[in-house]
Amino acid sequence: MSALDAFFRIGETVTLGAHTFGAEEIKAFARKYDSQLFHVDEEAAKGTLFGALCASGWHTAATWMKYNLKHREDAGDPPWQGPGPRPEFGPSPGFEKMRWFKPVYAGETVTFTRRAINHRALATRPGWRLLVLISQAFDSKGDKVLEFESSVLVKTG
C-alpha cells in the first residue's frame, strides 16, 4: 500500500458521526431551501406520499457534508508517512449518482460514512490528485437513506 493509499484510507469505511433530525430543524431548512409541504408542514405532510414530516434530501446531503468536514477537523487525517509535504484537501469538482433511498422522518437518527475508493494524478494540474469517495447515510435500522459518489481535489506536491 502506498503512503497516499494509507493517508486516504482507500477501501476503509470511515464513520463520520450521527445526527438526529428534529422537526423544527427540518422545517427551518425546508423553508429556506426546499419548501415542499412534506418538509414544512406536519399536518399537510400526513396527506402526502410520505405520510409524515420528513427532511429534504438536500438537508440530508448537506448534513453529510457538515459531518465530513467536522470529522476531518476534529479527528485529523492519518499521520502523513510519505515523501514531501502533507497532502492538503481542496475543493470538490462535484458528485455523481446521488440517490435518496428512503425518507428521513423527524426524530430519526442518521449515521454518515465515507469510503475512499481511488485516486489519480491530474494531468492538467501537476501536483494535484483527484480522490473519489462513496458517501453514504444510514437510518437507525441500518437502512441506507442516501448515497452518492463524490470527489475532491487534493494538493500533493
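Keep in mind that what you see is a predicted model, and the values were worked out from it rather than measured.
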Asker: Applying the side-chain contact (heavy atoms from CB on, under 4.5 Å) criterion to Leu133, which one of Ser151, Ser150, Ser92 satisfies it?
Answerer: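 Only one option passes, and that is Ser150.
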Asker: Would you say Leu16 and Phe95 are hydrophobically clustered, going by side-chain heavy atoms of ILVMFWY under 4.5 Å?
Answerer: yes
Asker: Are Val145 and Phe138 linked, directly or through other ILVMFWY residues, by side chains that come within less than 4.5 angstrom of each other?
Answerer: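 No, separate clusters.
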Asker: May I ask you to test the Lys27-Glu42 pair for a side-chain heavy-atom distance under 4.5 Å?
Answerer: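 In contact.
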Asker: Please work out whether the ring planes of Phe148 and Trp64 are parallel, tilted or perpendicular, with thresholds of 30° and 60°.
Answerer: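 The arrangement is perpendicular - the two ring planes meet at more than 60°.
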Asker: Could you see if Tyr105 belongs to whatever hydrophobic cluster contains Phe38? Use Ile, Leu, Val, Met, Phe, Trp, Tyr and a side-chain cutoff under 4.5 Å.
Answerer: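 Same hydrophobic cluster.
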Asker: For the residue pair Asp139 and Thr109, establish whether any side-chain heavy-atom pair is separated by less than 4.5 Å.
Answerer: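 A side-chain contact is absent here, since even the closest heavy-atom pair is not under 4.5 Å.
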Asker: Is there a chain of hydrophobic side chains (I, L, V, M, F, W, Y, each step under 4.5 Å between heavy atoms) that links Phe89 to Trp80?
Answerer: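 In one cluster: yes.
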Asker: Whether the Ser135 and Glu149 side chains hold a donor-acceptor pair (N or O, under 3.5 Å, no angle test) is what I'd like checked.
Answerer: no
Asker: Within this structure, what is the OG1-CH2 distance for the pair Thr156 and Trp128, rounded to the nearest 0.5 Å?
Answerer: 9.0 Å
Asker: Evaluate side chain to side chain contact (heavy atoms under 4.5 Å, CB included) for Leu53 paired with Ile26, printing each intermediate quantity in order.
Answerer: CA-CA 8 Å; Leu53 184 73; Ile26 288 170; 4.1 Å; yes
Asker: Quick one, Tyr33 with His59, criterion ring-ring contact (aromatic ring centres under 6.0 Å, His included). Give me CA distance, side-chain angles, the key distance, then yes/no.
Answerer: CA-CA 9 Å; Tyr33 300 108; His59 186 181; 9.1 Å; no
Asker: Within a reach of under 6.0 Å around NZ of Lys155, are more than 12 heavy atoms found that belong to other residues, nucleotides or ligands?
Answerer: no
Asker: Answer with yes or no whether the hydrophobic clustering places Phe112 together with Leu69; edges join I, L, V, M, F, W, Y residues whose side-chain heavy atoms lie under 4.5 Å apart.
Answerer: yes
